[in-house]
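Since the structure comes first, as C-alpha cells, the remarks are kept for the end.
Just so it is clear: chains get the letters A, B, ... in the order the sequence lines come, proteins before strands, and each one is counted from 1.
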There are 2 protein chains.
Amino acid sequence: MSQDRLIEIEADVLTKNDAYAQANRNLLAGLGAFAVNLVSSPGSGKTTLLCKTIDALGAQPLAVIEGDQQTENDADRLRATGAPAIQVNTGKGCHLDGHMVGHALEHLALPRGAMRFIENVGNLVCPAAFELGEDCKVAILSVTEGEDKPLKYPDMFTASRLAILNKTDLAPHCDVDLDLYEANLRRVNPGIEILRLSARTGEGMAAWIGWLRSNLAQKTEVKAAE
Amino acid sequence: MSQDRLIEIEADVLTKNDAYAQANRNLLAGLGAFAVNLVSSPGSGKTTLLCKTIDALGAQPLAVIEGDQQTENDADRLRATGAPAIQVNTGKGCHLDGHMVGHALEHLALPRGAMRFIENVGNLVCPAAFELGEDCKVAILSVTEGEDKPLKYPDMFTASRLAILNKTDLAPHCDVDLDLYEANLRRVNPGIEILRLSARTGEGMAAWIGWLRSNLAQKTEVKAAE
C-alpha cells in the first residue's frame, strides 16, 4: 500500500472520529458536564489516582469510562469506590475513540454538572490523535519514566492541558530531576500546567482536586451564562 | 468507514509488513545474527539496560536500531558506548515496522554472528502486531508499572519469549508483589521465560547476558549445521 493511500485512510478515520467526538462534546456541553481524558503510559498510576480522586471529591456526582485492551479489573476497582464505571475493552485496539465513548456516555445517566473521567488505554502515542469530545486531556507521568519522555513523545504533551508528575514518593529512589522533567514538558508545550503528586502519600492531591473543581465551575458558569 | 473495511485495510498493512519482516529474517539468518526486539511501555528502562548490556558484552560485535517518535537522544546514548546505532524516528507512528528495520539493516555492515538489538517505540500495544524479522521479542517491564499489566496488555506478553522485570531496586518502595507479577505473565503466556533485573544495581545482569550469549550460540550453531 502506498504512503499516500495510508495517509488518505488515516485522514478518513480521523475525520469520522472527529464527528463522533463533536457529538459527545455537544452532549456534555448541554449537561454542563466537565470531562477529562486521562492519558499516559501503562503503569503511570492512573487508576489509583482516579480511585483516590473519587474519594476526595466526596459527594460530587461523577462517572468513569474505563478503556483497556482486556479485563474489567479497572472498572471493578473504580466501582468499589461507589462511582458508576463502564469498561470499554478495545481488544487489539490501542486507544479509545469517539464512537466508543459516545456509546458509553449513553449508558451513564447522571445529573447536570456531573464530572466524567475517561481513563484511556495506557499508550503515550495513539490516544493523542483521537479526540473523544472531552474538555481536556490530562497526561499522567510516573516520575520513574524519566525526564526525556516529553521530548520523545511530544504529541501527547502538546495535546494536554495539564501534566501530573505522579509517584513523587519514588523520586528520591530514582536518578530523576523533577525540574528538568518540568522544563522538558514546557519545551514541547509552553502553556502546559503541571502538578507534582503522589497518589500514595497524598502529596499534591489538594491542588489536583482544586484544579478539577475550578474547571468544573468554569464549565458550569459558561453553560449558565448561555 | 465500515468495520469490515477497516479490518481489510489492517490485514493488508500486516501482510505487506510480514513480507518485509521475512526479508529481514532471511538476511539475518544468512549472517548467523541473533536479533532481539526490545518492547515495553515508555520509561521501563530499555535504553539504560541496553547501554549496560553493551558494556557487559565486551568485545561481542553488535549494533542497535533505535525507534522513537522524536529525538536522536537514545541513539546518542548508545553510540557513547561505542556501539553503532541507527535512530529511526517514526513521527506520528506508534511502532517500528519491517520496512523501516530493513532500511536500517542495510546501513549496519557488521561481521557474521553479530547481535542486533532493536529498541522499539515505547508502546505496549501496537508493536505486538508488527513482526520485524527478529528472532524474538523481549518485553521489559518496570516493577513500578504494577502486576496487572500482563493481563491488561496480553498481546505483547503472548508474543514475547522473555520478560524482564526491571528496576527491582524500586520494588521495596512500591506496593508490588513480584511473584504475582510472574504468575500473571505465565497466565497469559505459560511458556514465557522471566528474569528479575535492576540495570541500576546490576542484579540479574549476569543471567541476562548469559541468556543472550546462549541464544546467539544456538543461532550460530543452526547456521553452521546447514
Check whether any side-chain heavy atom of [X] lies under 4.5 Å from a side-chain heavy atom of [Y], and answer yes or no.
| X | Y | value |
| --- | --- | --- |
| A:V13 | A:F130 | yes |
| A:L141 | A:Y153 | no |
| B:L132 | B:N120 | yes |

(request) Would you list the pairs meeting salt bridge (Lys or Arg N to Asp or Glu O under 4.0 Å) in which at least one residue belongs to residues 157-168 of chain A, sequence neighbours left out? (result) none
If only atom types and distance count, is the side chain of [X] paired as donor or acceptor with the main-chain N or O of [Y] below 3.5 Å?
| X | Y | answer |
| --- | --- | --- |
| A:E203 | A:T201 | no |
| A:N17 | A:E131 | yes |
| A:D135 | A:V36 | no |

Of all the heavy-atom pairs spanning [X] and [Y], show the shortest one and how long it is.
| X | Y | result |
| --- | --- | --- |
| A:F157 | A:N189 | O-ND2, 2.9 Å |
| A:I86 | A:A104 | CD1-O, 3.5 Å |
| B:A199 | B:L49 | CB-CA, 4.1 Å |
| B:S198 | B:T168 | CB-OG1, 3.4 Å |
| A:L28 | A:G133 | CD1-O, 3.5 Å |
| B:A85 | B:L78 | CB-CB, 4.1 Å |

Given the options [options], which has more heavy-atom pairs under 4.5 Å with chain A than any of the others?
| options | value |
| --- | --- |
| B:V125, B:N123, B:T48 | B:V125 |
| B:L124, B:D68, B:V121, B:D169 | B:D68 |
| B:C126, B:S40, B:S44, B:G122 | B:G122 |

(message) Just to be sure I understand the criterion: a residue of residues 69-76 of chain B counts if one of its heavy atoms is under 4.5 Å from a heavy atom of chain A. Which ones qualify?
(response) B:Q69, B:Q70, B:T71, B:N73, B:D74
(request) Please determine, among A:A128, A:P154, A:A129, the option with the most heavy-atom pairs under 4.5 Å with chain B. (result) A:P154
(request) Determine which residues belonging to residues 88-103 of chain A lie within contact range of chain B, meaning some heavy atom pair is under 4.5 Å apart, and list them by number or answer 'none'. (result) A:K92, A:G93, A:C94
(message) Which residues in residues 143-152 of chain A have any heavy atom closer than 4.5 Å to a heavy atom of chain B?
(response) A:T144, A:E145, A:D148, A:K149, A:L151, A:K152
(request) Would you check, one step at a time, whether the test side-chain hydrogen bond (donor to acceptor under 3.5 Å, both in side chains) holds for A:Q22 with A:D18? (result) CA-CA 6 Å; A:Q22 189 56 49; A:D18 285 349; over 6 Å; no
(message) Just verifying a value: how many Å separate A:I65 CD1 and A:L38 CG, rounded to the nearest 0.5 Å?
(response) 11.5 Å
